[in-house]
Amino acid sequence: MPATPSRPFSLALLGATGALGRAVLEVLEDLDVPATEVRLLATDRSAGQEIDLRGEPHRVAAVDAAGFAGADVAILAAGEAASLRWAPIARAAGCLVVDGSAAFRGDPAVPLVVPQVNPAALDAAGEGMVASPGALAVALALVLGPLDRAAGIASASVVALEAVSGAGRSGVEQLERELADLMNGREPPEPTGIPHRIAFNLVPQIGPVDADGAAEGEVRLAAELRRLLGRPGLPLAVTALRAPVFHGHAAAVHLALARPLEPEAARALLRSAPAVKVIDRPAERIYPMPMLAVNDDAVLVGRIRAVGEAPGGLALFLAIDDLRKGGAGNLVELALALLARRSAH
Ligand SMILES: NC(=O)c1ccc[n+]([C@@H]2O[C@H](COP(=O)([O-])OP(=O)(O)OC[C@H]3O[C@@H](n4cnc5c(N)ncnc54)[C@H](OP(=O)(O)O)[C@@H]3O)[C@@H](O)[C@H]2O)c1
């Protein structure tokens with residue numbers, strides 16, 4: 001259950017017309033949060049549009065400093081460039097800021113938090129700002145945190161399969177267009193966002209590749225997960241692929257545990273972990289899939305089994321709704337937690 005602020009508050013949402021912003025609005029409605037005002041902000045391209053919230057039309061405004069003035073909290077869901085520009089302005093206007101982009105996730109002055117994993121890190125939000133991790137880092141931290149505490153993760157290998165929604169509107173539009181063209185015997189246009197055709201394909205590159213051959217998405221996922229688990233030196237090998245799936249990220253994980261843990265003990269541990277659902281009856285074809293994770297407020301985990309010759313080898317597969325749980329759910333929970341802490345002080 002998310003933290004509850006003791007008094008009603010006003011909220012500014014930057015990126016309200018985007019996929020993540022709309023998912024934030026859905027979560028706000030579903031949790032019935034006590035917001036007296038929700039300001040919908042985007043670029044001037046979408047200023048004047050109306051979006052329904054609790055059955056009432058709300059008008060989208062072009063973002064400017066006045067959009068944040070007097071708001072208690074700002075949720076930034078418009079991407080890195082917009083966050084770099086507007087986070088300092090929102091702070092200067094007196095808002096608590098929750099950032100959904102990658103802009104501040106590596107900044108030691110800004111805590112990176114999943115409330116069910118490292119809530120104490122919110123104590124460092126002295127500047128009134130917190131960053132929300134990428135969706136797969138949220139999923140992995142929720143699942144690996146309890147296993148690490150119980151058995152100590154010596155090392156982990158992750159193969160991440162990321163939906164096109166993680167690439168924003170342009171990723172979703174690219175897959176839609178390519179599917180329509182290929183099914184109608186037309187050659188799709190040159191890809192614009194994802195570097196190759198994604199329909200009926202897998203692309204082993206998320207973001208630019210560095211001098212060591214690692215893609216930005218892989219480096220970021222490893223860094224965010226280490227930060228969330230409080231394990232700065234954790235040996236972690238990540239390969240991230242873009243998958244031809246609209247919504248729902250997934251990951252295949254192999255762990256080497258310092259103290260062996262039987263699969264059934266791992267299942268029992270994860271059954272009592274917050275925001276985690278164990279679905280693991282492979283003989284009946286029941287296991288996590290992106291299709292099942294969509295619209296779920298938990299990470300789904302299954303295919304838990306012993307692997308490798310040495311004791312302590314454990315494999316699992318997980319899936320998360322990247323927009324609803326990995327993105328919007330964590331943003332709203334962080335906003336509520338910051339507001340609750342402020343009213344407690
Ligand atoms: N934390 C997570 O797990 C998570 C999950 C999903 C996405 N994300 C990140 O969230 C960001 C948005 O993703 P999305 O899928 O919602 O993208 P999207 O569908 O393309 O929407 C982008 C939104 O941001 C607005 N925007 C873009 N540039 C802006 C600017 N310079 N100033 C003000 N508003 C601006 C757009 O407004 P207009 O409609 O006016 O263009 C739109 O509302 C991306 O960086 C994405 O990587 C994070």
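Both ligands and their constituent atoms are indexed starting at 1 by order of listing.
Here is the list of ligand 1 atoms found below 4.0 Å of a heavy atom in Val63: 33 (C). Close contacts of ligand 1 with Leu323, meaning ligand atoms under 4.0 Å from a residue heavy atom, involve 6 (C). Applying the 4.0 Å criterion to heavy atoms of Gly100 picks out, from ligand 1, the atoms 1 (N), 48 (C). Listed by number with element, the atoms of ligand 1 under 4.0 angstrom from any heavy atom of Gly134 are 3 (O). Close contacts between ligand 1 and Ser46 involve ligand atoms 38 (P), 39 (O), 40 (O) [criterion: under 4.0 Å to a heavy atom].
Considering each of Gly21, Gly166, Gly15, Ala82, the one bringing a non-hydrogen atom nearest atom 32 (N) of ligand 1 is Ala82. Closest heavy-atom approach to atom 39 (O) of ligand 1 within the set Leu14, Leu331, Thr17, Val60: this belongs to Thr17. Comparing Gly168, Gly329, Ala77, Gly327 by heavy-atom distance to atom 12 (C) of ligand 1, the nearest is Ala77. One option in Ala78, Gly79, Ala137, Ala62 has a heavy atom closer to atom 26 (N) of ligand 1 than any other, and that option is Ala78.
Only the backbone of Pro133 comes within 4.0 Å of ligand 1, judged by heavy-atom distances. Contacts between Arg105 and ligand 1, counted as non-hydrogen atom pairs separated by less than 4.0 Å, involve the side chain only. Neither the backbone nor the side chain of Asn330 comes within contact range of ligand 1; no heavy atom lies under 4.0 Å.
Inclusion of Ala19 in the set of residues having an N or O under 3.5 Å from an N or O of ligand 1 is warranted. For ligand 1, the polar-atom distance check against Ser101 finds no nitrogen or oxygen pair separated by under 3.5 Å. Ligand 1 has an N or O atom lying under 3.5 Å from an N or O atom of Arg45, backbone or side chain. Between Ala135 and ligand 1, a contact under 3.5 Å exists for at least one N or O pair.
Protein heavy atom in closest approach to atom 18 (P) of ligand 1: Arg169 N, 3.8 Å. Here the protein heavy atom with the shortest distance to atom 34 (N) of ligand 1 is Thr43 CG2, 3.5 Å. Among protein heavy atoms, atom 22 (C) of ligand 1 sits closest to Gly18 CA, 4.1 Å. Looking only at heavy atoms of the protein, atom 10 (O) of ligand 1 is closest to Leu20 CD2, 3.3 Å. In this structure, atom 5 (C) of ligand 1 lies nearest to the protein heavy atom Asp322 O, 3.7 Å.
If you chain together hydrophobic residues whose side chains sit under 4.5 Å apart, Leu84 and Trp86 fall into the same group. One hydrophobic cluster holds both Val130 and Leu13 under the rule that ILVMFWY side chains link at heavy-atom gaps under 4.5 Å.
The presence of a protein heavy atom under 4.0 Å from atom 46 (C) of ligand 1 is ruled out.
Looking at heavy atoms from C-beta onward, Val294 lies out of side-chain contact with Phe246 at the 4.5 angstrom threshold. Side-chain atoms of Leu236 and Arg226, non-hydrogen and from C-beta on, do get closer than 4.5 Å to each other. When side chains are defined from C-beta on, Asp148 counts as touching Arg231, because their heavy atoms get closer than 4.5 Å. No side-chain heavy atom of Leu318 sits less than 4.5 Å from a side-chain heavy atom of Leu300. Residues Val33 and Leu336 form a side-chain contact, since some pair of their non-hydrogen atoms from C-beta on lies under 4.5 Å apart.
Separating the CG atom in Leu112 from the OG atom in Ser132 is a distance of 7.5 Å, to the nearest 0.5 Å.
Taking a cutoff of 4.0 Å between a charged side-chain nitrogen and a carboxylate oxygen, Arg105 and Asp99 do not qualify as a salt bridge.
The hydrophobic cluster of Val219 has no other members, since no ILVMFWY side-chain heavy atom comes under 4.5 Å of it.
Checking side-chain atoms of Glu216 against main-chain N and O of Glu218 turns up no donor-acceptor pair under 3.5 Å.
What you find for Ala251 and Leu136 is that their closest heavy atoms are CB-CD2, 4.1 Å.
Counting non-hydrogen atoms of neighbouring residues, nucleotides and ligands closer than 6.0 angstrom, the CZ atom of Arg303 reaches no more than 12 such neighbours.
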